[in-house]
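Every chain is numbered from 1 and lettered A, B, ... according to where its sequence line falls, protein lines coming before strand lines.
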Protein chains: 2
Amino acid sequence: MNNVFDKKYLYLIVVSTTNVLSIVHYRIKPMFLSGRKRKFMTKKKEDRRISRTRRLMHEALMTLIVEKGYETITVQDILDRADVGRSTFYAHYRDKDELLLSSFELLRTLFEQQQQALFDSRRTGKEPEVNFVLELFRHTGQHHKLYKAIAGKQSGEMILKYLHRYLYTMLIEPLTELNRNKKSPPVPIEVTTHHLISTLLSLMTWWLDNKMPYSAERMDEIFRILTAPAIEAAFSRKMEKKEYESIAGEHPTGGVNAFYSLFIDSVCCPDK
Amino acid sequence: MNNVFDKKYLYLIVVSTTNVLSIVHYRIKPMFLSGRKRKFMTKKKEDRRISRTRRLMHEALMTLIVEKGYETITVQDILDRADVGRSTFYAHYRDKDELLLSSFELLRTLFEQQQQALFDSRRTGKEPEVNFVLELFRHTGQHHKLYKAIAGKQSGEMILKYLHRYLYTMLIEPLTELNRNKKSPPVPIEVTTHHLISTLLSLMTWWLDNKMPYSAERMDEIFRILTAPAIEAAFSRKMEKKEYESIAGEHPTGGVNAFYSLFIDSVCCPDK
DNA sequence: TTCATTAATGAACAATGTGTTCGATAAAAA
DNA sequence: TTTTTATCGAACACATTGTTCATTAATGAA
């Protein structure tokens with residue numbers, strides 16, 4: 001704590017041979033900070049001002065996304081809405097994208113915690129039945145304004161990519177695991193995984209961009225019809241409907257709707 | 001022709017009560033031009049300078065896309081490469097995007113002509129067998145540099161959307177037609193069409209982004225395995241392989257590789 | 001409460017990019 | 001040749017980004 005190299009500010013004392021000329025309070029540029037601290041300081045509580053500022057900017061971004069779409073938002077918009085100084089913004093995030101990703105990182109952490117809790121609870125209680133695709137469509141329908149803003153036509157490529165990557169890393173491992181003891185599938189597992197996620201996201205954006213002409217239940221059904229063969233391909237055999245459902249509802253995908261729940265309900269939904 | 005309202009320039013004669021003070025050669029702003037002309041002037045040959053300038057800018061854009069990706073290109077880059085004045089650029093296109101789309105519009109016209117020729121030739125000769133998906137993958141593989149630049153990870157969302165829209169309008173009509181006399185399919189035909197195209201494009205980008213680990217033939221096979229059920233769904237019944245192929249190779253999709261041929265070979269390929 | 005440390009402020013600044021304007025010049029078409 | 005049109009190019013206004021730094025205020029630890 002008293003290590004000089006952990007300080008973020010220092011005093012420069014300017015002297016001549018006879019006098020102290022001045023004392024300057026100087027902020028050390030972040031690039032010169034060691035940075036090792038972060039690992040050991042997870043438990044140290046954050047400065048109130050920091051969390052307050054970050055929360056304000058986060059909220060501002062979310063409401064602005066709904067209002068005018070991510071792409072057209074300028075940093076200045078965020079500053080005005082959050083009522084935060086320009087230099088403050090850049091003290092926290094390199095740019096607009098980093099702010100957005102930071103929000104998602106936050107949510108990911110929350111989601112993983114929730115998922116862990118769910119996973120733990122299964123060991124004692126009975127298995128919860130969750131059809132995550134259906135729940136995802138339902139939730140999207142209920143909060144289509146925000147979803148459309150972040151995943152619709154004119155915005156959100158970045159978020160879609162992020163989601164894609166995220167779902168991929170979540171799915172690839174268990175799917176590979178399930179496939180381990182079987183003969184090599186007709187379609188490589190990575191391709192199947194990629195395809196499943198692409199299909200889900202493309203159905204979702206189609207739905208949003210076309211004013212949601214079908215119910216969430218119907219969309220879920222459509223998803224099943226269109227992807228059943230991909231899943232067959234992944235597992236080298238036909239699957240009974242029940243079996244498919246058990247996979248779709250299983251860990252770790254089962255909690256993805258929880259991810260969206262967190263995103264929508266507790267963090268940023270302005271039309272509620 | 002002698003209609004004053006067709007002129008693009010006019011002379012302003014500035015006078016006082018006693019003198020002619022000056023004569024100004026004034027260019028009428030495009031927004032005030034009637035614009036009706038275009039329809040009737042398709043046959044009128046274009047000013048050499050116009051086609052030359054457009055060609056230069058078009059070529060500049062294409063080589064730059066390969067070099068550094070669409071997103072990072074500035075208008076100035078294009079001007080430098082094409083050796084064209086700034087105001088000239090804006091006299092032709094509103095912005096960078098419009099230039100890009102204009103290239104595609106141009107290609108679409110060429111493609112449609114070629115398609116028409118192909119269609120006509122069928123009436124007399126025998127049916128050509130074309131598997132457009134396979135040809136597409138092959139061509140992509142051969143010219144992956146350009147394809148990756150325009151459709152890969154870090155760029156080309158816009159082009160993918162354009163391609164999507166384009167393929168959609170090409171496919172939706174014949175697919176609907178094929179479905180007319182059958183009972184209503186389990187999946188709406190618009191959704192199926194959208195899904196087929198999404199799958200093709202997402203497989204394509206995956207392939208490009210992952211250094212093309214499989215052969216074009218394999219990718220074509222994968223595409224079939226993954227989408228066979230979607231096509232089943234569209235036609236409410238199982239399809240024999242032969243039947244599927246005949247649809248995939250049929251008008252109007254059969255010529256899509258020609259579209260890519262034109263794009264790659266005759267217009268813009270710098271690494272050839 | 002005190003005080004060392006740290007965060008926020010805000011105005012100024014450089015840098016980059018966009019799209020427009022207009023007089024002058026050159027090229028094309030009639 | 002004459003009329004019409006396209007190009008040039010430099011200047012301009014404007015928007016946006018990201019940085020800098022002296023000043024002020026908040027925070028938390030002792």
- Query: Would you call B:His92 and B:Leu99 a side-chain contact if the rule is heavy atoms closer than 4.5 Å?
  - Reply: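 Contact flag for B:His92/B:Leu99 side chains = no.
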
Using the side-chain heavy atoms of [X], tell me which of these nucleotides is nearest: [options].
X       : options                : answer
A:Thr53 : C:dA8, D:dT17, D:dA6   : C:dA8
B:His25 : D:dC8, D:dT5, C:dT20   : D:dT5
A:Arg27 : C:dA28, C:dA12, C:dA7  : C:dA7
A:Lys8  : C:dA29, C:dT6, D:dT27  : C:dT6
A:Arg49 : D:dA25, C:dA26, C:dA12 : D:dA25
B:Thr88 : C:dT6, C:dA11, D:dT7   : D:dT7
A:Ser87 : C:dT9, D:dG28, C:dG19  : C:dT9

- Does A:Tyr9 get its side chain close enough to the base of C:dA7, under 3.5 Å, for a donor-acceptor pair?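 It does, because a donor-acceptor pair links the side chain of A:Tyr9 to the base of C:dA7 below 3.5 Å.
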
- Query: DNA chain D: B:Arg52 or B:Tyr11, which has the more 5' nearest nucleotide?
  - Reply: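 Checking each residue's closest nucleotide, the 5'-ward one belongs to B:Tyr11.
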
For the pair [X] (side chain) and [Y] (backbone), establish whether a donor and an acceptor sit closer than 3.5 Å, ignoring hydrogens and angles.
X       : Y       : value
B:Asp77 : B:Thr74 : yes
B:Tyr70 : B:Asp97 : yes
B:Lys7  : B:Ile28 : no

- Exercise: identify the closest heavy-atom pair between B:Arg86 and B:Val75: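 Scanning both residues completely, I find the closest heavy atoms to be NH1-CG1, 4.1 Å.
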
- Message: Looking at every non-hydrogen atom in both residues, tell me the closest pair between A:Ala60 and A:Ile78 and how far apart they are.
- Response: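 Minimum heavy-atom contact is CB-O, 4.0 Å.
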
Rounded to the nearest angstrom, tell me the gap between atom [atom1] in [X] and atom [atom2] in [N].
X       : N      : atom1 : atom2 : answer
A:Tyr26 : D:dT19 : OH    : C1'   : 12 Å
B:Asp47 : C:dA26 : CG    : P     : 17 Å
A:Leu56 : D:dA26 : CG    : P     : 15 Å

- Please work out if A:Arg48 contacts a base, only the sugar-phosphate, or nothing of the nucleic acid, heavy-atom cut-off 4.0 Å.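 Here A:Arg48 touches the backbone only, sparing every base.
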
- Message: Does A:Asp77 reach a base, just sugar-phosphate, or nothing at all? Heavy atoms under 4.0 Å.
- Response: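 Nothing: the residue A:Asp77, judged by heavy atoms under 4.0 Å, touches no strand.
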
- Which residues, if any, of residues 89-99 of chain B bring a heavy atom under 4.0 Å of DNA chain C?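 Output list: B:Tyr90, B:Asp95.
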
- Of the options B:Ile197, B:Leu163, B:Leu196, which is the one that meets B:Tyr168 in a side-chain contact (heavy atoms from CB on, under 4.5 Å)?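 The passing option is B:Ile197.
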
- Task: For the residue pair A:Trp206 and B:His194, categorise the inter-ring angle as parallel (less than 30°), tilted (30 to 60°) or perpendicular (more than 60°).
- Result: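 A:Trp206 vs B:His194 ring planes: tilted.
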
- Message: For a quick check under 3.5 Å, do B:Ser198 and B:His164 share a side-chain donor-acceptor pair by atom type?
- Response: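 On atom types as modelled, these side chains qualify, holding a pair under 3.5 Å.
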
- Have a look at the helix from C:dT1-D:dA30 to C:dA30-D:dT1 and give the angle its two end axes make, five pairs each, rounded to 10 degrees.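 About 30°, once rounded to a multiple of 10°.
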
